[in-house]
Amino acid sequence: MVTAEAVQEIVAAITPFIGENMARSATRVHCEKLGIAEPHVTPEQLELLIGRLETGLRVFMGRDKATSLMRPLRVKLGGVS
């Protein structure tokens, strides 16, 4: 999958809960830490990225809501669940 498209999907999904600036910033930082770059991201990298973001979201919304928010992204972006 194209990295920019995956990041856009992730940011769009979490923006309503933490705001656009925080969503973009958190996603960018985690991409850098995980070595995710353009042009393509693997399903395994996406799973790591989503997992890291989900862990952070638990602080804002609790474990169950964070998991339910990220589950559809896992399926949509790479089929890894």
Side-chain angles (χ1 to χ4, degrees):
M1 169 166 249
V2 175
T3 303
E5 291 174 5
V7 166
Q8 184 177 4
E9 290 284 339
I10 292 168
V11 169
I14 64 177
T15 290
F17 302 96
I18 61 172
E20 185 175 358
N21 288 335
M22 177 84 81
R24 286 192 185 286
S25 178
T27 304
R28 179 184 48 78
V29 167
H30 285 300
C31 282
E32 289 172 6
K33 287 182 178 182
L34 294 169
I36 298 171
E38 294 291 342
H40 298 287
V41 59
T42 67
E44 293 80 13
Q45 288 174 313
L46 281 171
E47 175 58 29
L48 289 171
L49 175 60
I50 290 169
R52 294 256 180 111
L53 291 166
E54 182 178 335
T55 299
L57 286 170
R58 289 177 185 166
V59 172
F60 295 100
M61 58 181 31
R63 180 181 294 246
D64 293 340
K65 284 187 178 182
T67 299
S68 356
L69 172 65
M70 300 310 261
R71 186 177 298 121
L73 278 174
R74 284 184 166 93
V75 173
K76 183 176 186 177
L77 297 178
V80 179
S81 57

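Here the structure is a predicted model, which is why all the values come from computation and not from measurement.
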> Would you say the side chain of I36 lies within less than 4.5 Å of the side chain of L46, judging by non-hydrogen atoms?
Replying inline: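 No, too far: nothing below the 4.5 Å cut-off.
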> Taking the side chain as C-beta and beyond, is there a heavy-atom pair between V41 and V2 under 4.5 Å?
Replying inline: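 Not in contact.
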Let me check something: any side-chain donor-acceptor pairs from residues 16-24 under 3.5 Å, sequence neighbours excluded? List them with distances.
residue: E20; atom: OE2; partner: R24; partner atom: NE; Å: 3.0
residue: E20; atom: OE2; partner: R24; partner atom: NH2; Å: 3.1

In Å, rounded to the nearest 0.5 Å, how long is the span from [atom1] of [X] to [atom2] of [Y]?
X   : Y   : atom1 : atom2 : value
H40 : E5  : NE2   : CD    : 9.5 Å
R52 : L34 : CZ    : CG    : 4.5 Å
E47 : L77 : CD    : CG    : 10.5 Å
L73 : L49 : CG    : CG    : 9.5 Å

>> Side-chain heavy atoms under 4.5 Å apart, restricted to Ile/Leu/Val/Met/Phe/Trp/Tyr: what other residues fall into the cluster of V7, or is it alone?
In response: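 Members besides V7, by chain and number: V11.
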> How does the hydrophobic cluster around V29 look, that is, which other residues are in it when side-chain heavy atoms under 4.5 Å mark a link?
Replying inline: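 Besides V29, the cluster holds no residue at all.
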> In chain order, what residues pass the side chain to side chain donor-acceptor pair (under 3.5 Å) check against E9, with sequence neighbours excluded?
Replying inline: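 Only K76 meet the side chain to side chain donor-acceptor pair (under 3.5 Å) criterion with E9.
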> By salt bridge (Lys or Arg N to Asp or Glu O under 4.0 Å), which residues pair with E38, not counting sequence neighbours?
Replying inline: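 E38 satisfies salt bridge (Lys or Arg N to Asp or Glu O under 4.0 Å) with no other residue.
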Could you list the donor-acceptor pairs under 3.5 angstrom formed by side chains in residues 54-70, with sequence neighbours left out?
residue: E54; atom: OE1; partner: R74; partner atom: NH1; Å: 2.6
residue: E54; atom: OE1; partner: R74; partner atom: NH2; Å: 3.0
residue: E54; atom: OE2; partner: T67; partner atom: OG1; Å: 2.8
residue: T55; atom: OG1; partner: G51; partner atom: O; Å: 3.0
residue: T67; atom: OG1; partner: R63; partner atom: O; Å: 2.9
residue: S68; atom: OG; partner: D64; partner atom: O; Å: 2.7

